[in-house]
Amino acid sequence: GNSVTQMEGPVTLSEEAFLTINCTYTATGYPSLFWYVQYPGEGLQLLLKATKADDKGSNKGFEATYRKETTSFHLEKGSVQVSDSAVYFCALSAGTSGTYKYIFGTGTRLKVLA
Amino acid sequence: DTAVSQTPKYLVTQMGNDKSIKCEQNLGHDTMYWYKQDSKKFLKIMFSYNNKELIINETVPNRFSPKSPDKAHLNLHINSLELGDSAVYFCASSQTGKNTEAFFGQGTRLTVV
């Protein structure tokens, strides 16, 4: 079946540190891959996405590359800020026409210290 | 304008009661979802509707009954609430296609006491 595995948190970093959150997936066919961010008390917001192999999604300094050979979609940011503190979810979209669903990893809490 | 809106944002109720959560999207999407997020932040799909038709029902107890009166609305009614139903429920919508992202509402925090 389809699934997403991401590294367990929490991840605690100092401001301006480099961030990597690992994500790997299992899927039949060629899913689209997403990173969502959830700030405290809020819903999920799309951070970036990639729809085919070797695509790089990027937004707000965050990047992730769709690696088919390693079935991975790791999230990176060169210099984190306190405002990046949130829970990050890796997800994939799978199914057939009209039956797509989004499958999420368990989430990784990031805490950035000033 | 909020793209996906849910009401209420908070819901505190006693065991055994019946309650409803409403969701509306103004994005013109044809697919809507309900997800449940537990206390460990794990997100699990409950239901999916495409053009008002139930497409996905992920072995949810039949105390949970979704209803989609039109493509823009998807409500969730829960009968005989149990303590284990306490969670945050998210509504989401998307346009059909695996390359499209889902848009989420702000969530409804349900607490059963």
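Chain naming here is simple, since letters A, B, ... match the order of the sequence lines and numbering starts at 1 in each.
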Exercise. Using non-hydrogen atoms only, which part of A/K49 is less than 4.5 Å away from chain B: side chain, backbone, both, or neither?
Worked result: side chain
For this session: Would you mind checking which part of A/Q45 comes under 4.5 Å of any heavy atom in chain B, side chain (CB onward), backbone (N, CA, C, O), both or neither?
Result: neither
Exercise. According to the interplanar angle, ranging from 0 to 90°, do the rings of A/F62 and A/Y88 count as parallel (below 30°), tilted (30 to 60°) or perpendicular (above 60°)?
Worked result: tilted
Exercise. How about A/Y102 and A/Y36: are their ring centroids closer than 6.0 Å?
Worked result: no
For this session: Would you please classify the geometry between the B/Y35 ring and the B/F104 ring as parallel, tilted or perpendicular, with 30° and 60° separating the classes?
Result: tilted
Exercise. Contact part of B/K9 toward chain A, heavy-atom cut-off under 4.5 Å: side chain, backbone, both or neither?
Worked result: side chain
Exercise. When the ring centroid of B/Y33 is compared with that of B/Y49, is the distance short of 6.0 Å?
Worked result: no
For this session: Mind running side chain to side chain donor-acceptor pair (under 3.5 Å) on B/N75 and B/S20 for me, showing each step along the way?
Result: CA-CA 7 Å; B/N75 304 323; B/S20 291; over 6 Å; no
Exercise. By a 4.5 Å heavy-atom criterion (distance strictly below it), what part of B/E58 contacts chain A: side chain, backbone, both, or neither?
Worked result: side chain
Exercise. Between B/V88, B/D30, B/I56, which has the largest tally of heavy atom pairs under 4.5 Å with chain A?
Worked result: B/I56
Seminar exercise, completed: Cut-off 4.5 Å, heavy atoms of chain B, and the answer for A/L44 is both
Exercise. Heavy-atom distance under 4.5 Å to chain A: side chain of B/E53, backbone, both or neither?
Worked result: neither
For this session: Say whether B/T96 and B/N50, considering side chains only, have a donor N or O and an acceptor N or O under 3.5 Å apart.
Result: yes
